[in-house]
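Here the structure comes first, spelled out in structure tokens, and everything after it is commentary.
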Amino acid sequence: MTVTETSATNVPAVDPRLLVRERGFAGYLAEFKSKLRSGDLGSVPVVLGLILIAAIFQGLTGNFLNAGNLSNIALYIAGPGLISVGIVFVLLLGEIDLSLGSVAGVSAAISAVLSIQHGVNEYLAIVIAIVAALAIGALHGFFFAKIGVPAFVVTLAGMLTWSGLQGYVMGNTGTLNNIPNGVIANLDNYFFDSVAAAYGLAAVSVAGYLVAALRGARSRREAGLPFRPVSEIALRAGLLAVLAFGAAYVLNQDRGLPLALVVLLGVVIVTDFVLRRTTYGRKVFAVGGGVEAARRAGINVARLRISVYMISAGLASVGGLFMASQAGFADKQTGSGFVLMNAIAAAVIGGTSLFGGRGKTWSALLGALVIQSIITGLDLEGISQSIQYMITGAVLLGAVVLDSVSRRTQKSAGRG
């Protein structure tokens, strides 16, 4: 071997993503085109879908983009959106949870009965309801992870059981109205009416992104890993600022910043950080990508599965409280109907794969916006609920087909 050959073999391999970033925006454009050709569509379809939906219904109704209507959409997505965030965790494992609608309903029932009929402090009643939901999630996870019962069967049984428990807890009481101006009542009805609240949240969001992105880029650069240049971070921050301050402006034209939206965004941000920036999140993706490989890597798969079902049940519980707040009462039907199906559809439409290992909690937010925008637009047009179900079902089928085709395309391109 010659000296030239020896020196060549000692040169470390360069990550191709570093070369892409060195080319600037031309490199990113080429990388984006490559991803599209290989089927890695990301959030592009759902974002384009949202724009198309808004344009169509604005053209048909003339008031879809009114501040009041957009503010109502932000309120309506809180309950199903929180449930959908929990479903994202389960779908990342490649599993399903059919019980979350019933868990939401029984949580609302427990909280209402304790606080209204038994005089328990409302905060304490809420804590008890959430803890009960966490116990339910742990029970589901135990039967699935430790006993080996398929998740579909476990959660189907849970759906029936907790729906029955909901009716039992409510007893002969058909409906329990929320305590006037109480904690539950204010979840969906409280607005930060100062214009500074919405604009302040927008400013904090943009500043938080900038700080996190710049620190992340610096850390990756120092470690010799691919990193985003300052120009790209600035562009992303600018786009986020336009979106955030635009939303703040719209909300301030109505009643202000709704508490429900703040809670939903907070949950999405926190869970996104957990999934993308923590060891726990990496384990979730690892198990979803391959159970046996994750087990050989030293991951306690059973414990992880139980924890994921606890997270999904806990978020469903909070979602049920928001639904009770929106309705103005808790009853035996809270969480029933198409609540579960819409929550699952939101996660899938937003881009979370049914096959596990791919998805973001932002998917739940985007998907919930798509579904609620369709429902609201059809309501404005006076379209019957049966037609709404058919259209939502078609959109869900389209999202699953797109996911399947995307996975197949990525495998053929060597990216899957």
Side-chain angles (χ1 to χ4, degrees), residues 7-8 10-51 88 92 199-249 265-266 268-282 284-286 289 350-353 357-366 369 406 409-410 413-416:
S7 60
N10 291 331
V11 175
V14 178
D15 192 316
R17 291 175 295 178
L18 283 172
L19 300 178
V20 167
R21 283 157 174 77
E22 288 176 359
R23 293 173 57 194
F25 288 109
Y28 280 103
L29 181 60
E31 185 184 32
F32 178 71
K33 291 179 179 179
S34 175
K35 286 183 177 181
L36 290 182
R37 284 194 297 269
S38 66
D40 188 4
L41 302 178
S43 300
V44 172
V46 68
V47 172
L48 293 178
L50 273 172
I51 295 173
V88 168
L92 286 175
Y199 288 127
L201 179 61
V204 169
S205 300
V206 175
Y209 170 78
L210 267 175
V211 172
L214 290 173
R215 290 183 62 183
R218 184 181 63 184
S219 299
R220 296 180 70 85
R221 182 175 62 250
E222 292 174 351
L225 297 172
F227 63 91
R228 291 193 177 102
V230 175
S231 57
E232 185 196 351
I233 294 175
L235 177 61
R236 287 171 175 259
L239 293 174
L240 176 61
V242 171
L243 178 62
F245 282 95
Y249 173 79
L265 287 175
V268 169
I269 291 171
V270 170
T271 52
D272 178 70
F273 176 84
V274 168
L275 285 176
R276 295 195 303 115
R277 301 294 184 183
T278 67
T279 302
Y280 177 83
R282 289 191 286 272
V284 172
F285 281 103
T352 300
S353 176
R358 191 175 79 236
K360 301 176 181 177
T361 53
W362 288 102
S363 304
L365 179 61
L366 291 173
L369 281 172
S406 174
T409 305
Q410 288 185 57
R415 299 176 68 101

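Between Tyr199 and Ala248, the shortest heavy-atom contact is CD2-CB, 3.7 Å. Nearest heavy-atom pair across Leu240 and Ser205 is CD2-O, 4.0 Å. Closest non-hydrogen pair, Val206 versus Ala244, comes out as CG2-CB, 4.4 Å. The shortest heavy-atom contact between Tyr209 and Arg236 is OH-CD, 3.0 Å.
If you take CG on Leu214 and CD1 on Ile233, they are separated by 4.5 Å, rounding to the nearest 0.5 Å. Considering CZ of Arg282 and CZ of Arg277, their distance stands at 9.5 Å, rounded to 0.5 Å.
The side chain to side chain contact (heavy atoms under 4.5 Å, CB included) with Trp362 is formed by just one residue from the set Ile269, Thr271, Val88; it is Ile269. Partner Thr361 forms a side chain to side chain contact (heavy atoms under 4.5 Å, CB included) with one of Asp272, Val274, Leu92, Thr352 and no other, that one being Asp272.
Other residues, nucleotides and ligands contribute more than 12 heavy atoms inside 6.0 Å of the OH atom of Tyr280.
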